[in-house]
Amino acid sequence: MSIILDHVSHIYNPGTTFEKRALDDISLVIPDGEFIGLIGHTGSGKSTLIQHLNGLLKPSSGNIFFNGQSIFDNDFKMKDLRREVGLVFQYPEYQLFEVSVIKDVLFGPNNLGMKTLDAEVAAYAALKSVGIDESLLDVSPLDLSGGQKRRVAIAGVLAMKPKVLVLDEPAAGLDPLGRREILDTIANIRKEQNITVILVSHSMEDVAQYVERIIVMNKGKIAMDDTPQEVYSHDEELQAMGLDIPEITRLFLRLKKEGYRLPTDVFTVDQAYEAMMK
Amino acid sequence: MIRFENAVFEYIRRDDEGNVEGITRALDDVSVHIKRGEFVAVLGANGSGKSTFAKHINGLLVPEEGKVFVGGLDTSDDNNLLKIRQMAGMVFQNPDNQIIAQTVEEDVAFGPENMGVPTDEMQQRVDEALEKVGLIAEKDNSPNRLSGGQKQRVAIAGVLAMKPECIIFDESTAMLDPAGRKEVIATAHELNKNNNITVILITHYMNEAMGADRILVMDHGKIVMDGTPRQIFSKPEEIRKYKLEVPEITELAYRLHKAGAPMPAFVLDEDEFMEAIRSAKAAGALS
């Protein structure tokens with residue numbers, strides 16, 4: 001499902017003293033199957049933007065097209081949009097509420113009116129893709145570890161079979177291994193199901209090795225929209241926006257400045273090791 | 001300042017009927033001594049017992065076996081609790097859950113007000129605390145309009161207004177963006193250096209621990225490593241066993257060293273890495 005944002009602005013509390021322009025003339029094309037990192041500091045407009053992607057918010061001005069159809073069309077089906085664009089909020093494990101893992105994951109598909117059997121198949125498949133073992137299906141979600149809870153919450157969205165998956169800080173609050181595992185899982189899901197994935201994060205390091213395109217937001221505008229390599233070459237601009245480039249990339253930029261001939265598309269320790277051992 | 005003596009704490013899980021289903025030992029015979037003025041980072045995987053450890057320092061939890069002493073006071077004696085909570089303040093993870101008042105000033109005043117500090121002294125305490133975290137200009141503003149990093153600094157000021165000897169940061173940077181994280185860590189270091197406040201920093205970000213005097217690594221309720229950042233992070237294999245990672249630049253140097261490149265086995269940060277590269281070049285070992 002392709003998404004086009006055409007000069008989208010969003011203003012909170014218009015006409016009051018609390019008026020705030022959270023999105024300022026955003027134009028974007030998100031083609032099918034892309035893996036995108038959406039980066040920006042707190043308050044940069046990231047959350048407002050993603051809420052436009054599944055119709056939770058509508059633009060104050062401008063237009064959004066899903067598969068070519070305008071969100072303002074009379075026959076636009078908001079319910080279909082919510083099914084096709086799955087949103088995983090920050091700390092989604094706080095939204096688990098059912099008595100068992102499987103019931104929690106079934107809630108979404110049931111709510112969409114999927115047939116019982118279809119819903120169950122979708123729920124099992126979703127739990128499998130996030131690496132939750134079958135032995136946990138009847139366990140209360142409250143008895144799982146933090147990382148497992150988060151996986152179950154993500155499965156709840158996946159079970160609705162979205163074509164676009166948007167995740168807000170999916171790795172926040174997890175230990176280093178947990179962070180890597182959840183991001184690897186998301187990368188696998190994207191590869192296997194060939195869906196569009198938008199990863200929202202503060203952390204360049206987390207997204208660097210996964211995504212093919214980085215959109216940087218600052219003060220409600222799109223400050224950069226390019227490949228990771230291109231984005232990270234603007235080290236100083238990013239710092240001025242309160243963002244960081246991956247430690248390893250920064251090291252390589254510094255080595256390059258001192259005259260060493262090294263590549264700059266290096267984001268991970270593995271890549272750095274290989275480049276330096278050449 | 002803080003002494004754990006064979007402390008044990010267990011969480012008991014029960015089923016719907018209240019029968020015991022299982023027991024998690026969140027602190028398993030922990031003994032450790034933290035000196036006044038130390039900056040101690042506590043690392044460990046989710047569920048390793050870090051937060052339980054932290055909650056024992058200001059008496060939110062009391063060990064089931066063994067003892068915890070803060071400033072010489074036994075945390076299991078209820079008569080000591082007020083004094084202990086004044087001495088050891090805590091800054092939590094979610095900035096929004098810690099803000100309660102209409103203005104920054106009122107928020108910072110909440111703690112001392114509760115303690116019955118007289119009004120004129122309180123004004124002075126609040127101003128001093130806000131001065132120290134660099135937010136005196138925001139005094140009359142609503143805390144809701146501040147950034148995440150600033151909100152956490154308001155929470156720190158709230159602790160400072162109690163005149164503590166120790167501040168515990170329980171994953172206080174987890175929800176912040178990179179700039180906010182730097183603000184909070186820098187503030188922790190300043191308070192440690194300029195005011196001799198003991199800092200216990202619990203974090204999942206390895207590079208935040210690099211500036212500490214000492215690192216404790218926890219695993220399954222035990223302290224499994226205890227040493228300087230240099231001692232801890234020069235053992236990447238052991239660190240990984242506990243689901244942690246070595247900061248990337250340190251890891252890169254270690255792997256280059258192992259492969260026979262002219263690199264020391266341990267570099268602390270980017271500057272030390274560059275230093276090592278330069279001296280390797282000067283020695284003619286690098287082209």
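Worth knowing before you read on, the calculation uses all heavy atoms, side chains too, and leaves out hydrogens, waters and symmetry mates. Letters go in sequence order (proteins before strands), and every chain restarts at 1. Only a predicted model underlies this, so the values are computations on that prediction, with no experimental measurement involved.
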Is there a side-chain contact between [X] and [Y], using heavy atoms and a 4.5 Å cut-off?
{"X": "B:Phe169", "Y": "B:Gln152", "value": "no"}
{"X": "A:Glu237", "Y": "A:Val216", "value": "no"}
{"X": "B:Gln231", "Y": "B:Asp226", "value": "no"}
{"X": "A:Thr249", "Y": "A:Thr264", "value": "no"}

>> Between the side chains of A:Asp133 and A:Arg151, is the shortest nitrogen-to-carboxylate-oxygen separation below 4.0 Å, so that they form an ion pair?
In response: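 No salt bridge links A:Arg151 with A:Asp133.
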Give a yes or no on whether the backbone of [Y] and the side-chain of [X] come within a donor-acceptor separation of less than 3.5 Å.
{"X": "A:Ser100", "Y": "A:Ser140", "result": "no"}
{"X": "A:Gln148", "Y": "A:Ser145", "result": "yes"}
{"X": "A:Ser60", "Y": "A:Ile11", "result": "yes"}

> Aromatic rings A:Tyr91 and A:Tyr94: how do their planes relate, parallel, tilted or perpendicular, breaks at 30° and 60°?
Replying inline: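 Judged by the thresholds at 30° and 60°, the geometry between A:Tyr91 and A:Tyr94 is parallel.
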> According to the interplanar angle, ranging from 0 to 90°, do the rings of B:Phe39 and B:His189 count as parallel (below 30°), tilted (30 to 60°) or perpendicular (above 60°)?
Replying inline: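 Parallel, since the angle between the ring planes stays under 30°.
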> So which bits of residues 166-184 of chain A come within less than 4.5 Å of chain B, counting non-hydrogen atoms only?
Replying inline: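 Within residues 166-184 of chain A, the residues under 4.5 Å from chain B are A:Gly173, A:Leu174, A:Asp175, A:Pro176, A:Leu177, A:Arg179, A:Arg180.
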> Which residues, numbered in order, of residues 39-52 of chain A come under 4.5 angstrom of chain B by heavy-atom distance?
Replying inline: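 Counting heavy atoms that sit under 4.5 Å from chain B, the residues of residues 39-52 of chain A involved are A:His41, A:Thr42.
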Segment of [X] engaging chain A (4.5 angstrom heavy-atom cut-off):
{"X": "B:Arg145", "answer": "side chain"}
{"X": "B:Asp271", "answer": "both"}
{"X": "B:Met206", "answer": "side chain"}
{"X": "B:Leu176", "answer": "backbone"}
{"X": "B:Glu171", "answer": "side chain"}
{"X": "B:Asn207", "answer": "side chain"}

Out of [options], which one racks up the most heavy-atom pairs below 4.5 Å with chain A?
{"options": "B:Ser147, B:Gly148, B:Ala259", "answer": "B:Ala259"}
{"options": "B:Pro178, B:Ala45, B:Ser48", "answer": "B:Pro178"}
{"options": "B:His204, B:Met175, B:Glu251", "answer": "B:His204"}

> Quick one: does NZ or CZ of B:Lys281 land under 6.0 Å from the six-membered ring centre of A:Tyr260, within 45 degrees of the ring axis?
Replying inline: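 The answer is yes; both the distance and angle limits are met.
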> Is chain B contacted by the side chain of A:Asp143, its backbone, both, or neither, given a heavy-atom distance below 4.5 Å?
Replying inline: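 The answer is the side chain of A:Asp143.
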> What closest approach, in Å, do B:Thr250 and B:Met210 show between heavy atoms, and which atom pair accounts for it?
Replying inline: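 Of all heavy-atom pairs spanning B:Thr250 and B:Met210, the closest is OG1-CE, 3.4 Å.
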>> side chain to side chain contact (heavy atoms under 4.5 Å, CB included), that's the test. Do B:Glu183 and B:Gln150 meet it? Break it down for me.
In response: CA-CA 8 Å; B:Glu183 275 174 44; B:Gln150 286 174 324; 4.1 Å; yes
> After noting the C-alpha distance and the side-chain angles of A:Leu127 and A:Leu136, does the key distance pass the side chain to side chain contact (heavy atoms under 4.5 Å, CB included) rule?
Replying inline: CA-CA 10 Å; A:Leu127 281 164; A:Leu136 295 174; over 6 Å; no
> Could you state the interatomic distance from CD (B:Gln93) to OG1 (B:Thr203), rounded to the nearest 0.5 Å?
Replying inline: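 Separation between the atoms: 10.0 Å.
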>> Among A:Arg254, A:Arg250, A:Gln239, A:Met204, which residue has the highest count of heavy-atom pairs closer than 4.5 Å to chain B?
In response: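 Of A:Arg254, A:Arg250, A:Gln239, A:Met204, A:Arg254 has the most heavy-atom pairs under 4.5 Å with chain B.
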